[in-house]
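Have a look at the structure below, then the notes.
Basis for what follows: all heavy atoms, side chains included, without hydrogens, waters or symmetry-related copies.
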Amino acid sequence: MPAMRSRRPHAAALSDLSHAIARGRGYIGETQFKAARAVGVTDAEIAEVAGNLALNILTNYFNVLADTDTE
(Lines give C-alpha, C1' and ligand atoms only; values in the text may rest on other atoms or scores of the structure.)
Protein backbone atom coordinates (compact mmCIF):
# COMPACT_ATOMS: atom_id res chain seq x y z
CA MET A 1 0.00 0.00 0.00
CA PRO A 2 1.44 3.43 -0.93
CA ALA A 3 2.19 5.95 1.82
CA MET A 4 -0.27 8.75 2.46
CA ARG A 5 0.73 12.04 0.83
CA SER A 6 0.04 15.40 2.42
CA ARG A 7 -1.56 18.15 0.38
CA ARG A 8 0.74 20.62 2.12
CA PRO A 9 4.06 20.84 0.24
CA HIS A 10 6.12 21.40 3.40
CA ALA A 11 4.68 18.35 5.18
CA ALA A 12 4.96 16.25 2.01
CA ALA A 13 8.64 17.23 1.66
CA LEU A 14 9.35 16.17 5.26
CA SER A 15 7.62 12.85 4.66
CA ASP A 16 9.49 12.31 1.39
CA LEU A 17 12.76 13.14 3.11
CA SER A 18 12.04 10.66 5.89
CA HIS A 19 11.23 7.91 3.42
CA ALA A 20 14.34 8.67 1.35
CA ILE A 21 16.60 8.55 4.42
CA ALA A 22 15.07 5.25 5.55
CA ARG A 23 15.26 3.69 2.06
CA GLY A 24 18.83 4.88 1.58
CA ARG A 25 19.89 3.80 5.08
CA GLY A 26 21.00 7.34 5.78
CA TYR A 27 22.33 8.19 2.33
CA ILE A 28 20.35 10.58 0.15
CA GLY A 29 21.28 12.71 -2.79
CA GLU A 30 21.54 16.46 -3.11
CA THR A 31 18.36 16.41 -5.20
CA GLN A 32 16.31 15.32 -2.18
CA PHE A 33 17.81 18.09 -0.04
CA LYS A 34 17.15 20.69 -2.73
CA ALA A 35 13.53 19.57 -3.11
CA ALA A 36 12.97 19.84 0.64
CA ARG A 37 14.66 23.22 0.91
CA ALA A 38 12.64 24.54 -2.05
CA VAL A 39 9.48 24.36 0.06
CA GLY A 40 11.09 25.83 3.17
CA VAL A 41 12.37 22.81 5.11
CA THR A 42 15.03 24.02 7.54
CA ASP A 43 18.25 22.40 8.75
CA ALA A 44 16.62 21.96 12.16
CA GLU A 45 13.70 20.07 10.61
CA ILE A 46 16.06 17.85 8.63
CA ALA A 47 17.97 17.09 11.83
CA GLU A 48 14.71 16.33 13.64
CA VAL A 49 13.61 13.90 10.92
CA ALA A 50 16.99 12.12 11.04
CA GLY A 51 16.93 12.02 14.84
CA ASN A 52 13.44 10.56 14.97
CA LEU A 53 14.37 7.90 12.43
CA ALA A 54 17.46 6.97 14.45
CA LEU A 55 15.45 6.76 17.67
CA ASN A 56 12.82 4.54 16.07
CA ILE A 57 15.42 2.25 14.50
CA LEU A 58 17.27 1.83 17.79
CA THR A 59 13.96 1.23 19.61
CA ASN A 60 13.16 -1.51 17.10
CA TYR A 61 16.59 -3.09 17.62
CA PHE A 62 16.06 -3.05 21.38
CA ASN A 63 12.62 -4.61 21.06
CA VAL A 64 14.01 -7.41 18.91
CA LEU A 65 16.86 -8.01 21.34
CA ALA A 66 14.54 -7.97 24.38
CA ASP A 67 11.93 -10.09 22.56
CA THR A 68 9.29 -7.54 23.51
CA ASP A 69 5.71 -8.83 23.35
CA THR A 70 3.91 -6.57 20.86
CA GLU A 71 0.44 -8.05 21.23
Item to complete: Over all heavy atoms of both residues, which pair between H10 and G40 is shortest? Give the atoms and the distance, please.
Response: CE1-O, 3.2 Å
Worksheet item: CD/E48 to OG1/T42 distance, rounded to the nearest 0.5 angstrom?
Response: 8.5 Å
Fill in: Set of residues satisfying salt bridge (Lys or Arg N to Asp or Glu O under 4.0 Å) with respect to D43, sequence neighbours excluded
R37
Item to complete: Supply the atom-to-atom distance L17 CG to I46 CD1, rounded to the nearest 0.5 angstrom.
Response: 5.5 Å
Practice prompt. Quick one: pull up CD1 in I21 and CG in N52 and give me the separation to the nearest 0.5 Å.
Written response: 10.5 Å
Worksheet item: Which atoms form the tightest heavy-atom contact between A13 and V39, and what is the distance?
Response: CB-CG2, 3.4 Å
Counting only pairs under 3.5 Å, give me each side-chain donor-acceptor contact of residues 57-68, with atom names and distances, residues two or more places apart or in other chains.
from, atom 1, to, atom 2, distance (Å)
T59, OG1, L55, O, 2.8
N60, ND2, N56, O, 3.4
N63, OD1, T68, OG1, 3.0
N63, ND2, T59, O, 3.3

